[in-house]
K.L.:
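Dropping the structure in here first, questions after.
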Amino acid sequence: PENILVDAKTGKLKIADFGLAKLVDEATRSETFKGWGTRPYQAPEAFEQGPNTVAMDIYAGGVLLFELATLTLPIQPKTGDDGPLAWRNAHLLMPPADLRGARPDLPNSMIQLSALMLQKDPKRRPENWNVVIDRLRSDDEPTEGKVDVSGLVEKATQTLLEQTAQETKRREETERIIERNALLIQAVQEPVNILQELVDAFNGESDVGKLVLSDKDGLFCEVTGPAGGKSLRIQTKIIPDLQTQNGIYRVVGMARINPTPTAPKDPQLAYNQDSFGSFNLGYKVSRSEDRFGSWNMLRFEHNPIMGRSGYPHWFAVDFDNLPHQLQVLNALGMYQNQQRQLDHEWFRLLLAHLL
């Protein structure tokens, strides 16, 4: 508002700071160009460095319209942070304040116009300024002789505001899921990096055979060796928060030799705790609000009390069974388990199958 002057004679509005002006359809914007004072008026897409559009200006006009009516902003960061990320999240993920709360005297047409101008989706805003101007002028037209549809308009206004709030909530949930998955995919690189360190160290010291690590995608990698086409595979899976006594698991995984090693001829070796061919991985946080956690490794064996035994002495359980086993860790059941923090040791023992 401080960049808009009112001509005392004509009442026309004039932009005073042309440092903020830019041609529509110009490619991008920058922090330096836009300045620090425009974030409260920037459309959500403006924070994504998109091209300038009329829809962005209509959104900014919607903020200004709300501010003229209430002397407050319709959208503000929750924390009071004035940084670009806080404003970006506010404009993208928070519904605008209800104009009716501060100005119940305004007509429903004005409430609707304000809500439409502040839509997160640019396609749902008024198409151009003529639509905005026509709506504003229609409020000055005489009502005598017109059919009274005020009740219907009020109901439509309520529906619009509810839809806007629901859409914003969906956007917030989508954004949360995207951020969660991005962080967890980054976390998956931790066991991959440990495996890469082992492969690089071996290849640097051995002249007999080489190990090759290939990262298939963010959730799967494989190490191949010279011994008969065997490979060590790490497969991980992002899961909904799994509450256990040991923390909240968000990623489960399995490291295993493919094909599965056969039992050694020596019965003693068959039960050697270092002869196993697979183990599980789990990434967990302490509290649901935590963004970062830690990895642990687990391997299971048949509980002798249950009267079952077999090769290998230690093994990984499949993805379908793993969530349940994580919830009953240390409880009496068909399996016993061993756990350790993520390190090189069990990977090193599995790599021995490839040589």
K.L.:
Please enumerate all residues that pass salt bridge (charged side-chain N to carboxylate O under 4.0 Å, His left out) together with Asp7, with sequence neighbours excluded.
P.N.:
Lys14
K.L.:
Looking at CH2 of Trp129 and CG of Asp134, how far apart are the two atoms once the value is rounded to the nearest 0.5 Å?
P.N.:
13.0 Å
K.L.:
Does the pair Asp241/Arg180 count as a salt bridge with the N-to-O cut at 4.0 Å?
P.N.:
yes
K.L.:
Would you call Glu173 and Arg176 a salt bridge, taking side-chain N to carboxylate O under 4.0 Å as the test?
P.N.:
yes
K.L.:
Quick one: closest heavy-atom pair of Ala69 and Leu106, and the distance?
P.N.:
CB-CD1, 4.1 Å
K.L.:
Going by the angle between their ring planes, with limits at 30° and 60°, are Tyr283 and Trp295 parallel, tilted or perpendicular?
P.N.:
tilted
K.L.:
First locate atom CE of Met297, then atom CG of Leu281, and finally report the distance between them rounded to the nearest 0.5 Å.
P.N.:
7.0 Å
K.L.:
Salt-bridged, Arg171 to Glu175, with N to O below 4.0 Å?
P.N.:
no
K.L.:
Looking at CD of Gln112 and CG of Leu99, how far apart are the two atoms once the value is rounded to the nearest 0.5 Å?
P.N.:
12.0 Å
K.L.:
Relative to each other, are the rings of Phe279 and Phe347 parallel, tilted or perpendicular (30° and 60° limits)?
P.N.:
perpendicular
K.L.:
Of all heavy-atom pairs between Ser231 and Thr224, which one has the smallest distance, and what is that distance?
P.N.:
CB-CG2, 4.0 Å
K.L.:
Can you confirm whether more than 12 heavy atoms, excluding those of Lys210, are under 6.0 Å from its NZ atom?
P.N.:
yes
K.L.:
Please enumerate all residues that pass salt bridge (charged side-chain N to carboxylate O under 4.0 Å, His left out) together with Glu127, with sequence neighbours excluded.
P.N.:
none
K.L.:
Give a yes-or-no answer on whether the side chains of Gln338 and Arg299 include a donor-acceptor pair shorter than 3.5 Å.
P.N.:
yes
